[in-house]
Amino acid sequence: MTAELRKTGISVVGDMPWGTHLCHFYETKQDLLDILIPYFTAGLEHNEFCMWVTCAPLSAEEARHALRQAVPGADRHLAAGDIEIIPHTQWYLKDGAFDPQRVMHGWLAKLTQALTRGYVGMRANGNEAWLEHKDWKDFAAYEHALNASIANHSMLGLCTYPLATSGAATILDVARTHEFAIAKRAGLWEVVETPALKQTKEAIRRLNEELEQRVTARTSQLATAHEALQREVAERQRTEAALRERERKYRSLFESSHDVIVLLDATGNILEINRRGEQVTGYAQSALLHMNVFQHLVPPEDHAIVQGMLRDVVQGQVREYEVRWRTQTGRMVHLAGASIPRFAASGEFLSTLCTLRDITERKRAEEQLHATSEQLRVLSARLRSAREEEAARIARALHDELGSALTSLKWDLEEIENTYAVAGTHGSLSALRAKIGTMTKQIDDTINTVRRIASELRPRILDDLGLAAAIEWQAQQFQARTGIICQVDALVENGDVSQEQATAIFRIFQEALTNILRHAQATRVNITIAEEEGAYVVEVRDNGRGITEEERTGSRSLGLLGMRERAQLIGGTIDLTGLPGKGTVLTVRMPLPSQAAACRAAHAAENEALFRSLSDAWEEEL
């Protein structure tokens with residue numbers, strides 16, 4: 001059995017090894033509690049399963065009550081099954097008779113269950129006050145067998161006997177079957193140990209001392225090994241430094257590299273450079289070895305880049321950067337690469353090792369791509385402008401020419417109807433009148449269709465009343481068509497927005513409403529038109545599902561890309577935010593000239609009157 005010591009919780013006993021079997025004699029109920037409460041408390045604190053078998057004068061319920069009074073969290077331990085408190089009739093006298101084999105097997109079964117549940121061991125107590133003279137012989141044999149059995153398991157056993165009913169012979173028999181006994185004499189607890197227990201405790205003490213000596217010796221060995229390892233590491237570092245120095249002299253890889261490899265001192269002097277440097281710059285390798293990069297290669301505009309790189313590398317940093325070199329013919333080449341420091345074993349800075357790749361062709365391609373992108377952007381702007389102009393022209397033609405023609409046709413038909421109405425009520429005239437009525441209705445529908453198409457191509461209200469009125473009108477049309485409530489708060493009128501800017505903002509607003517209808521699942525849209533910090537701002541806020549980050553930034557969101565492109569062409573910006581279940585907010589911001597603020601105050605009243613008169617005229621026309 002292991003020599004591990006366990007805290008018994010009994011001060012007069014101290015720590016005991018697993019397998020200890022002890023007993024104590026009590027006179028009163030308080031004597032029982034003075035020993036058993038600290039005994040079981042120590043077991044609960046050290047993850048041991050506890051088994052408490054009670055007998056008069058202490059019932060199982062009284063034991064639970066005493067445990068709750070003395071041990072914090074006792075109810076938690078009881079509920080978790082960390083301790084079982086049962087009367088002796090359920091353990092020793094099950095079925096009314098004492099069966100030593102059943103009880104012995106019961107203790108071992110409880111121990112096995114405890115170890116399976118994760119407890120480190122088990123401690124038990126049984127009050128033997130229930131014993132009668134007829135059971136003593138069998139019980140003494142049981143105690144002797146239990147003493148031998150406990151010695152081989154992670155278990156502590158404490159048997160309690162009433163002193164009043166224990167004669168001298170009983171006390172001697174009990175003492176023989178336990179390793180030591182506890183009894184109170186003159187108000188003090190005393191311990192009577194067996195020679196075997198004393199020998200065991202002495203053996204444990206010797207083992208602990210030997211263990212301490214082994215730990216001390218092992219610690220000394222580890223310290224010696226650590227010192228040897230440090231010496232080995234230092235030696236390896238010196239070997240690696242020498243190897244790096246030899247590798248620096250190994251020129252074949254250095255000379256055959258496709259990248260420019262150059263060694264610079266702290267001031268930019270070239271210490272070494274490979275043949276690729278000769279090919280890139282056009283200078284002979286021997287000439288480059290007498291050059292300073294600041295004086296001969298790097299143009300003044302890039303001096304700060306190289307100076308910053310050298311400063312960082314001298315301090316031990318690794319730098320990545322791009323720089324230009326001037327070739328022998330005066331042409332500029334673009335180089336990109338990295339620089340690392342080289343230090344001597346003593347820590348002294350030696351040089352900067354730079355590896356640079358010629359990216360001139362890539363730069364040229366990037367510049368060409370940028371120029372092409374700008375050309376495409378200009379072309380896109382011109383196409384948009386042409387499309388808007390064409391839409392305006394078509395709208396005017398549809399409204400002014402086709403609309404006028406259809407209106408004239410309607411008037412002619414009405415005149416025909418009136419003429420035939422005077423002629424009489426003949427049946428053919430009635431049929432003709434009905435036909436004319438149908439044609440009149442068709443012409444009305446055609447006129448309305450023409451006006452709707454013209455408005456979709458380019459609303460006249462955008463040219464007649466300006467951006468704010470056009471947004472309000474579009475919101476009303478959207479609400480009537482979809483049933484989604486639209487609230488427009490126009491805190492400013494048109495501001496100092498040009499026709500091109502107004503058209504772009506209006507088209508962005510139309511696209512925003514289209515996206516709300518298709519994707520937002522919204523029931524309400526709030527539109528705010530305001531001026532903030534010298535900018536004309538249109539905010540569209542819905543109460544829908546909220547745009548996701550993937551939708552906001554995805555390359556497949558062509559509608560959003562189109563809106564951003566429109567805003568960028570007129571010098572504006574778009575901000576799009578959303579929260580799941582909270583809706584989406586689209587903000588279009590168009591910077592205004594500084595003089596616009598002064599003009600708005602002077603013309604506010606005039607604009608308001610003009611808006612009312614034009615709005616009335618527009619409603620009459622529609």
Side-chain angles (χ1 to χ4, degrees), residues 230 233-371:
Q230 286 183 321
V233 169
E235 181 62 29
R236 178 170 296 181
Q237 289 176 341
R238 288 191 293 269
T239 302
E240 289 175 349
L243 179 61
R244 284 195 299 269
E245 185 64 21
R246 288 193 299 270
E247 288 175 345
R248 187 183 67 83
K249 302 298 183 180
Y250 189 69
R251 309 281 310 174
S252 99
L253 180 61
F254 177 81
E255 293 295 349
S256 62
S257 173
H258 184 68
D259 295 335
V260 178
I261 302 177
V262 58
L263 291 177
L264 302 177
D265 66 11
T267 62
N269 292 318
I270 298 177
L271 303 179
E272 289 189 63
I273 189 167
N274 64 350
R275 296 190 182 279
R276 180 59 178 166
E278 182 178 80
Q279 298 169 3
V280 168
T281 65
Y283 292 105
Q285 192 175 25
S286 57
L288 288 169
L289 293 176
H290 297 88
M291 289 184 180
N292 181 284
V293 292
F294 295 107
Q295 298 175 9
H296 302 95
L297 297 176
V298 178
E301 306 93 281
D302 292 354
H303 281 186
I305 297 175
V306 181
Q307 289 169 348
M309 178 272 294
L310 289 174
R311 181 174 58 252
D312 293 341
V313 171
V314 168
Q315 295 175 358
Q317 301 181 30
V318 176
R319 278 289 308 275
E320 295 183 358
Y321 62 101
E322 292 184 10
V323 69
R324 294 178 299 166
W325 277 10
R326 183 184 294 108
T327 67
Q328 187 179 27
T329 61
R331 182 175 65 92
M332 288 292 181
V333 292
H334 294 265
L335 302 172
S339 296
I340 62 174
R342 297 179 65 251
F343 294 95
S346 61
E348 179 185 1
F349 176 79
L350 295 176
S351 62
T352 298
L353 175 62
C354 307
T355 57
L356 302 169
R357 177 159 295 181
D358 186 357
I359 60 170
T360 304
E361 291 299 323
R362 191 187 77 185
K363 282 289 185 180
R364 185 177 295 111
E366 290 175 352
E367 291 172 359
Q368 184 177 0
L369 179 61
H370 178 72

Rounded to the nearest 0.5 angstrom, the CD1-CG distance for Ile270 and Asn292 is 7.5 Å
* More than 12 foreign heavy atoms under 6.0 Å from CD of Glu348: is that the case here? -> no
#### Entry: Close side-chain approach of Thr360 to His334, heavy-atom, < 4.5 Å
yes
- Give a yes or no answer on whether the side chain of Asn274 reaches the backbone of Ile261 with a donor-acceptor pair at less than 3.5 Å. yes
dist Ile273:CD1 -> Ser286:OG (nearest 0.5 Å) comes out at 11.5 Å
What one should report as the nearest heavy-atom pair of Phe349 and Pro341 is CE1-CB, 4.3 Å
For this session: Walk me through it: do Leu335 and Ile359 pass the test side chain to side chain contact (heavy atoms under 4.5 Å, CB included)?
Result: CA-CA 6 Å; Leu335 302 172; Ile359 60 170; 5.8 Å; no
CD1 of Ile340 to SG of Cys354, rounded to nearest 0.5 Å, is 9.0 Å
Minimal heavy-atom distance between Phe343 and Val314, with the atoms involved, is CZ-O, 3.8 Å
For Glu320, the side chain to side chain contact (heavy atoms under 4.5 Å, CB included) test, sequence neighbours excluded, returns Ala338
Closest non-hydrogen atoms of Ser351 and Leu271, given as atom of the first, atom of the second and distance, are CB-CD1, 3.8 Å
Could you tell me whether a side-chain N or O of Gln285 sits under 3.5 Å from a main-chain N or O of Glu278, the two making a donor and an acceptor? no
| field | Ion pair Glu272/Arg342, N-O distance below 4.0 Å | value | no
Of Leu356, Asp358, Thr281, the one forming a side-chain contact (heavy atoms from CB on, under 4.5 Å) with Val260 is Leu356
Here the pair of heavy atoms bringing Val333 nearest to Thr327 is CG1-CG2, 3.7 Å
Here the gap from Gln237 atom CD to Glu235 atom CD, rounded to the nearest 0.5 Å, amounts to 10.0 Å
Correct closest heavy-atom pair for Asp265 and Asn269 would be OD1-N, 2.8 Å
In a table with atom names and distances, give each donor-acceptor pair under 3.5 Å that connects a side chain of residues 305-313 to protein atoms at least two apart or in another chain.
{"from": "Asp312", "atom 1": "OD2", "to": "Arg319", "atom 2": "NH1", "distance (Å)": "2.7"}

Between Arg276 and Ser257, the two heavy atoms sitting closest are CB-O, 3.7 Å
Ring pair (Phe, Tyr, Trp, His ring centres under 6.0 Å) filter on Phe294, not counting sequence neighbours, yields His303
Is Arg324 atom CZ crowded by more than 12 heavy atoms from other residues, nucleotides or ligands, each under 6.0 Å away? yes
- prompt: Do NZ/NE/NH1/NH2 and the carboxylate oxygens of Lys363 and Glu367 come within less than 4.0 Å?
  reply: no
Worksheet item: Passes side chain to side chain contact (heavy atoms under 4.5 Å, CB included), Val293 versus Val262? Steps please.
Response: CA-CA 11 Å; Val293 292; Val262 58; 5.7 Å; no
